[in-house]
Each structure stands twice: as C-alpha cells, then as structure tokens.
Amino acid sequence: MMRTLLLRMSESPRLARWVTGTAATRRMSRRFVAGEGLDEAIEAARECNRAGMSASLDHLGENVSSEADARRARDIYLNIFDRIAREKLDANVSLKLTQLGLDLGDDFCRSLLESVVQRAAGHGNFVRIDMEGSPYAQRTVEITRRVRAQNQAVGTVIQAYMRRSEGDIRSLLAVGCRIRLCKGAYKEPPEIAFEKKSEVDANFLALMKILLPSGVYHGIATHDPQMIEATKEFAARQNIGKDQFEFQMLYGIRTDLQEQIVREGYRMRIYIPYGRDWFPYFMRRLAERPANVAFFLRHLFRR
Ligand SMILES: Cc1cc2nc3c(=O)[nH]c(=O)nc-3n(C[C@H](O)[C@H](O)[C@H](O)COP(=O)(O)OP(=O)(O)OC[C@H]3O[C@@H](n4cnc5c(N)ncnc54)[C@H](O)[C@@H]3O)c2cc1C
C-alpha cells in the first residue's frame with residue numbers, strides 16, 4: 001500500500017512544486033541525487049572514476065509538454081556529452097524519452113534522440129534510454145530499435161517485472177542492442193506485470209541468463225545481493241569474463257556493495273541523477289524501500 005501511495009504521489013506536479021521548493025527537502029534529496037547543477041554531477045562522476053567505477057549521468061526530468069522544453073532537454077544532453085569528453089570522464093548518459101517529447105509524437109522525439117545519439121557517437125560514447133511506465137514501453141522499444149539500426153551508440157532498459165520483457169529482449173538482441181536489466185520502478189497492473197518479489201526475481205534471473213551469453217555488452221542493474229551472486233555464478237559457469245558485462249547501481253544506494261563488487265574485479269557503473277526536477281525520481285526511491293520514508297521524515301523535521 002505504501003509503495004502504491006508513494007508512486008501515486010510521485011506523479012503529482014503540485015506536490016512536486018511544494019516539496020522541491022523548500023531548502024530542507026532539497027537538502028534531503030541529496031541522499032539519492034548528486035545536486036541541482038551539472039558541476040555537481042561531474043564531481044560525483046569523477047569520484048566514482050577515482051573509486052574504479054564508471055558513471056551514467058541523468059539530467060532529471062520527464063514528461064515535458066512543449067517542443068521548446070524537449071529541445072532544451074536535447075541541448076542539455078548535447079552539452080553533457082561535450083563536457084564528459086572535455087573532462088575525460090568514464091561516463092555515459094541515461095535519459096528518458098518523455099523528456100525528449102515522447103508525449104508530443106514519436107517522430108519528433110526520435111529526431112531529438114537521433115541528434116543526441118550522433119553527438120554521443122562522435123565522442124565514442126553511449127546513450128542509455130531509461131524505461132518508463134508501461135504506456136511508453138512499446139514505443140520505447142520501437143524507437144530504440146530504429147535509432148539503433150542507424151547508430152550503435154544507443155541502448156535501452158528492460159524491466160523484469162513486465163511479463164512482455166522476454167519478447168522485448170529477443171527483439172532488441174536481434175539488432176544487437178545493449179540492454180540494462182532492472183526489476184522495474186513503476187506501479188503496473190497485475191495483468192501485465194508480476195507483483196510478487198519472488199516472481200520478479202525469478203524473471204530477472206531468467207532474463208539475465210538470456211542476456212549474458214548473447215555476446216553483447218549488457219548492464220545488470222540491481223542492489224539485490226541474491227541477483228548479484230546468481231549473476232556472478234552464472235557468468236563463471238558459462239566462462240563469461242568479468243569484462244563482458246557490468247553491474248549497475250544507483251547513486252547513494254548500497255555504496256558498500258558497490259565497492260565490494262569493484263574489489264572483486266567486476267565492472268560497476270553508478271547512475272548519477274542531478275537537476276531540479278528530482279521529485280518523481282526521489283519518490284520512486286522512497287517507494288522501493290519503506291525504511292527510506294522514516295529517513296525522509298526524520299530529516300524533514302530536523303532543521
Ligand atoms: C542503474 C539503475 C538504473 C535503473 N533504471 C531503471 C529504469 O530505466 N526503469 C525502471 O523502471 N527502473 C530502473 N531502475 C530501478 C529498478 O527498477 C528498481 O526499482 C531498483 O533498482 C530497486 O530494485 P533492486 O534490483 O535493487 O532490488 P530490490 O529487491 O528492490 O532491493 C534489494 C535491496 O537493495 C536495496 N535497495 C533497493 N532500493 C533501494 C532504495 N531505494 N533505497 C535504499 N536501498 C535500496 C535494499 O537493501 C534492498 O533490500 C534502475 C536501477 C538501477 C540500479
């Protein structure tokens with residue numbers, strides 16, 4: 001119930017305006033968000049690199065409602081790629097298609113994405129398209145496939161809680177697409193998504209076993225020690241090298257486990273979100289773990 005409530009709240013623009021407008025909550029968001037400006041995200045990425053980890057920068061924002069806002073988001077991403085190159089960082093970029101105007105039309109959104117992917121390719125870099133809620137799943141897969149057919153510098157995300165995911169993986173692998181596998185962070189109806197943790201975990205492992213032997217470089221994105229151990233064991237059994245895939249985790253979550261995995265010789269990429277529109281992202285992180293709500297309330301009332 002708590003998860004459902006928090007995910008509903010994450011979609012309220014009014015609540016977002018109220019919460020992001022106060023200094024106490026802005027400070028609190030730093031638990032999961034690097035800061036409001038690119039400089040802070042760059043510094044966080046540099047720290048990851050020093051610790052032997054790669055990064056993926058996400059300029060927070062989703063569901064823009066005007067073409068001008070979508071173009072602004074595109075320009076921000078073009079600039080991020082230039083900056084990563086100038087700073088010689090080991091970092092790529094994660095973005096959401098609704099930030100590039102998916103609600104305004106597929107062709108419009110794809111044309112903006114193409115320019116970001118071209119810029120990434122020009123720097124020898126890579127764009128990861130995050131997977132959003134189920135109303136966007138089919139279009140995200142289709143747009144990724146079309147852009148991937150022209151340019152290899154793009155990949156997307158598959159959510160293990162979605163019943164359709166195996167089919168999506170197979171269609172994306174058919175065009176050699178790199179995939180990030182995660183459990184899934186949105187509220188979805190049971191007809192299309194597994195609800196029980198045991199079912200999501202079982203599908204995560206089944207999908208991981210399709211991805212790893214595919215010969216394409218994928219990301220296994222989870223903080224769940226059981227998923228991580230099972231991935232390591234499967235890779236070792238199949239003679240899949242530690243450099244043939246990467247683990248991925250979110251900024252600020254299980255840093256102890258992040259470091260341990262690096263010490264064991266695996267690749268680790270940290271997803272670093274930054275920007276002013278941190279509210280929906282922050283609420284999804286609260287929804288994932290009820291203990292985070294207690295943390296939020298303690299900080300809210302401590303001034
Ligand atoms: C790099 C990366 C990119 C992602 N991209 C997407 C995406 O594009 N689309 C999408 O729908 N989802 C995305 N997610 C979120 C993902 O779907 C899950 O919601 C999230 O990772 C929690 O699932 P879990 O695999 O960590 O396992 P869980 O079973 O949820 O958690 C396992 C353990 O991890 C720790 N943990 C997990 N979440 C938190 C938290 N918020 N705070 C503190 N501890 C926590 C706890 O110790 C928990 O017991 C991404 C996740 C990662 C790591």
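Quantities reported herein were computed from a predicted structural model and do not represent experimental measurements. This chain uses plain numbering: 1 for the first residue, then up along the sequence. Start at 1 and go down the list; that is how both ligands and their atoms are numbered.
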*Asks:* Under 4.0 Å from atom 30 (O) of ligand 1, is there any protein heavy atom?
*Replies:* no
*Asks:* Identify whether the distance between the nearest side-chain nitrogen and carboxylate oxygen of R46 and E43 falls below 4.0 Å.
*Replies:* yes
*Asks:* Under 4.0 Å from a heavy atom of K197: which atoms of ligand 1 are those, numbered in the order shown and with their elements?
*Replies:* 29 (O)
*Asks:* Run the side-chain hydrogen bond (donor to acceptor under 3.5 Å, both in side chains) check on Y271 and D58 step by step: do they pass?
*Replies:* CA-CA 7 Å; Y271 184 104; D58 166 29; 2.9 Å; yes
*Asks:* Specify the protein heavy atom at minimum distance from atom 7 (C) of ligand 1: its residue, its atom name, and the distance to 0.1 Å.
*Replies:* M131 O, 3.6 Å
*Asks:* If you measure from the Lys or Arg side-chain nitrogens to the Asp or Glu carboxylate oxygens, is any gap between R83 and D39 under 4.0 Å?
*Replies:* yes
*Asks:* Do F282 and S10 come close enough that some side-chain heavy atom pair is under 4.5 Å?
*Replies:* no
*Asks:* Determine whether a donor-acceptor pair (N or O, by modelled atom type, separation under 3.5 Å) exists between the side chain of E40 and the backbone of E36.
*Replies:* yes
*Asks:* Hey, is Y186 touching ligand 1 through its side chain, its backbone, both or neither, going by heavy atoms under 4.0 Å?
*Replies:* side chain
*Asks:* Quick check: closest heavy atoms across Y217 and D243, and the distance to 0.1 Å?
*Replies:* CE1-O, 3.4 Å
*Asks:* Counting non-hydrogen protein atoms only, what is the nearest one to atom 36 (N) of ligand 1? Give residue, atom name and distance.
*Replies:* I253 CG2, 4.0 Å
*Asks:* Any side-chain heavy atom of Q99 within less than 4.5 Å of one from D69?
*Replies:* no
*Asks:* Using heavy atoms and a threshold below 4.0 Å, how should the contact between M227 and ligand 1 be classified: side chain, backbone, both, or neither?
*Replies:* neither
*Asks:* For ligand 1, which part of R284 has a heavy atom less than 4.0 Å away: the side chain, the backbone, both, or neither?
*Replies:* neither
*Asks:* Heavy atoms only: give me the nearest F279-S12 pair and the separation to one decimal.
*Replies:* CE2-O, 4.0 Å
*Asks:* Can you name the atoms of ligand 1, numbered from 1 with element, that are less than 4.0 Å from a heavy atom of V157?
*Replies:* 7 (C), 8 (O)
*Asks:* Give me the residue, atom name and distance of the protein heavy atom closest to atom 42 (N) of ligand 1.
*Replies:* N292 ND2, 2.8 Å
*Asks:* Looking only at protein heavy atoms, identify the closest one to atom 34 (O) of ligand 1 and say how far it is in Å.
*Replies:* H223 CB, 3.2 Å
*Asks:* Under 4.0 Å from atom 48 (C) of ligand 1, is there any protein heavy atom?
*Replies:* no
*Asks:* Below a 4.0 angstrom heavy-atom separation, can you tell me which part of D201, side chain or backbone, both or neither, approaches ligand 1?
*Replies:* neither
*Asks:* Report the part of Q159 in contact with ligand 1, treating N, CA, C, O as backbone and CB onward as side chain, heavy atoms under 4.0 Å; options are side chain, backbone, both, neither.
*Replies:* side chain
*Asks:* Which residue from Q248, R285, M249 reaches closest to atom 15 (C) of ligand 1 through any of its heavy atoms?
*Replies:* R285
*Asks:* Tell me whether K196 is salt-bridged to D201, with the criterion being a basic N under 4.0 Å from an acidic carboxylate O.
*Replies:* no
*Asks:* Starting from atom 28 (P) of ligand 1, find the nearest protein heavy-atom neighbour and note its residue, name and distance.
*Replies:* K183 NZ, 3.7 Å
*Asks:* To the nearest 0.5 angstrom, please state how far the CD atom of Q244 sits from the CD atom of Q238.
*Replies:* 11.5 Å
*Asks:* Using a strict 4.0 Å cut-off to heavy atoms of Y271, name the atoms of ligand 1 that fall inside it.
*Replies:* 1 (C), 3 (C)
*Asks:* Under 4.0 Å from a heavy atom of D130: which atoms of ligand 1 are those, numbered in the order shown and with their elements?
*Replies:* 8 (O)
*Asks:* Ligand 1 versus L250, non-hydrogen atoms closer than 4.0 Å: side chain, backbone, both, neither?
*Replies:* both
*Asks:* How far is atom 17 (O) of ligand 1 from its nearest protein heavy atom, and which residue and atom name does that atom have?
*Replies:* G184 N, 2.6 Å
*Asks:* Is ligand 1 under 4.0 Å from a heavy atom in the side chain of R289, in the backbone, in both, or in neither?
*Replies:* side chain
*Asks:* Please write down residue, atom name and distance for the protein heavy atom closest to atom 18 (C) of ligand 1.
*Replies:* E288 OE2, 3.5 Å
*Asks:* If we count only non-hydrogen protein atoms and require a distance under 4.0 Å, does atom 24 (P) of ligand 1 qualify as touching the protein?
*Replies:* yes
*Asks:* How far is atom 6 (C) of ligand 1 from the closest protein heavy atom, and which atom is that?
*Replies:* C182 SG, 3.8 Å
*Asks:* Does the N203 side chain pair with the main chain of A160, one donor and one acceptor, at a distance under 3.5 Å?
*Replies:* yes
*Asks:* Under a 4.0 Å threshold between the charged nitrogen and the carboxylate oxygen, would E166 count as salt-bridged to R170?
*Replies:* yes
*Asks:* Checking ring pair (Phe, Tyr, Trp, His ring centres under 6.0 Å) for the pair F194/Y161: CA distance, chi angles, key distance, verdict?
*Replies:* CA-CA 5 Å; F194 299 111; Y161 67 11; 9.1 Å; no
*Asks:* Do the rings of Y274 and H59 sit parallel, tilted or perpendicular, given the 30° and 60° boundaries?
*Replies:* perpendicular
